[in-house]
Amino acid sequence: MQVIIDKDVCVACGACVLSGPDVFDQNEDGQAVLVVDEPGESLRDQILESIEACPVQALSLVEHAVATAE
């Protein structure tokens, strides 16, 4: 899974950091940044809480497809 942060939408409120401290931090301008590039399944709950907490919907989650052998 991959977390996307839309920097053009982020208003630097910090809600994502409060909801997902193991996933998100803030840069010097207060905008959201990822602590881990590709978070593991164990961080899914924090990510989903942060997505819901974001007042401007600047966060999204992209699931990676699993390749299957035929």
Side-chain angles (χ1 to χ4, degrees):
M1 84 181 115
Q2 180 181 8
V3 179
I4 306 295
I5 303 170
D6 187 338
K7 300 287 187 181
D8 293 329
V9 176
C10 179
V11 294
C13 72
C16 59
V17 178
L18 294 174
S19 301
D22 296 326
V23 181
F24 300 97
D25 199 356
Q26 290 175 286
N27 65 17
E28 59 278 350
D29 296 324
Q31 285 201 311
V33 294
L34 291 173
V35 176
V36 290
D37 290 329
E38 289 197 33
E41 188 64 32
S42 64
L43 296 173
R44 180 179 291 276
D45 288 343
Q46 285 190 43
I47 294 166
L48 294 176
E49 285 180 37
S50 296
I51 289 171
E52 282 198 30
C54 182
V56 294
Q57 300 175 332
L59 307 174
S60 58
L61 180 64
V62 176
E63 300 288 348
H64 293 290
V66 176
T68 58
E70 292 186 28

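Numbers here simply count residues along the sequence, with the first being 1.
- Under a hydrophobic-cluster definition in which Ile, Leu, Val, Met, Phe, Trp and Tyr are linked whenever side-chain heavy atoms come within less than 4.5 Å, directly or via other members, Val9 and Val11 are assigned to the same cluster.
- In this structure, Leu59 CG and Ile4 CD1 are separated by 10.0 Å, a value rounded to the nearest 0.5 Å.
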With a cut-off of 3.5 Å and sequence neighbours excluded, list every side-chain donor-acceptor pair involving residues 26-34.
{"from": "Gln26", "atom 1": "NE2", "to": "Gly30", "atom 2": "O", "distance (Å)": "2.7"}
{"from": "Asn27", "atom 1": "OD1", "to": "Asp29", "atom 2": "N", "distance (Å)": "2.9"}
{"from": "Asn27", "atom 1": "OD1", "to": "Gly30", "atom 2": "N", "distance (Å)": "3.0"}
{"from": "Asn27", "atom 1": "OD1", "to": "Gln31", "atom 2": "N", "distance (Å)": "3.0"}
{"from": "Gln31", "atom 1": "NE2", "to": "Lys7", "atom 2": "O", "distance (Å)": "2.7"}
{"from": "Gln31", "atom 1": "NE2", "to": "Cys10", "atom 2": "O", "distance (Å)": "3.4"}

Name the atoms and distances for all side-chain donor-acceptor pairs under 3.5 Å in residues 48-57, with sequence neighbours left out.
{"from": "Ser50", "atom 1": "OG", "to": "Cys16", "atom 2": "O", "distance (Å)": "3.1"}
{"from": "Ser50", "atom 1": "OG", "to": "Gly20", "atom 2": "N", "distance (Å)": "3.2"}
{"from": "Ser50", "atom 1": "OG", "to": "Gln46", "atom 2": "O", "distance (Å)": "2.9"}

Below 3.5 Å, can you tabulate the donor-acceptor pairs from side chains in residues 37-44 to any protein atom, sequence neighbours excluded?
{"from": "Glu41", "atom 1": "OE1", "to": "Arg44", "atom 2": "NE", "distance (Å)": "3.4"}
{"from": "Glu41", "atom 1": "OE1", "to": "Arg44", "atom 2": "NH2", "distance (Å)": "3.2"}
{"from": "Glu41", "atom 1": "OE2", "to": "Arg44", "atom 2": "NE", "distance (Å)": "2.5"}
{"from": "Arg44", "atom 1": "NH1", "to": "Glu63", "atom 2": "OE2", "distance (Å)": "2.7"}
{"from": "Arg44", "atom 1": "NH2", "to": "Glu63", "atom 2": "OE1", "distance (Å)": "3.1"}
{"from": "Arg44", "atom 1": "NH2", "to": "Glu63", "atom 2": "OE2", "distance (Å)": "3.2"}

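- Contact of the Val3 side chain with the Leu61 side chain is registered, since non-hydrogen atoms from C-beta on lie closer than 4.5 Å.
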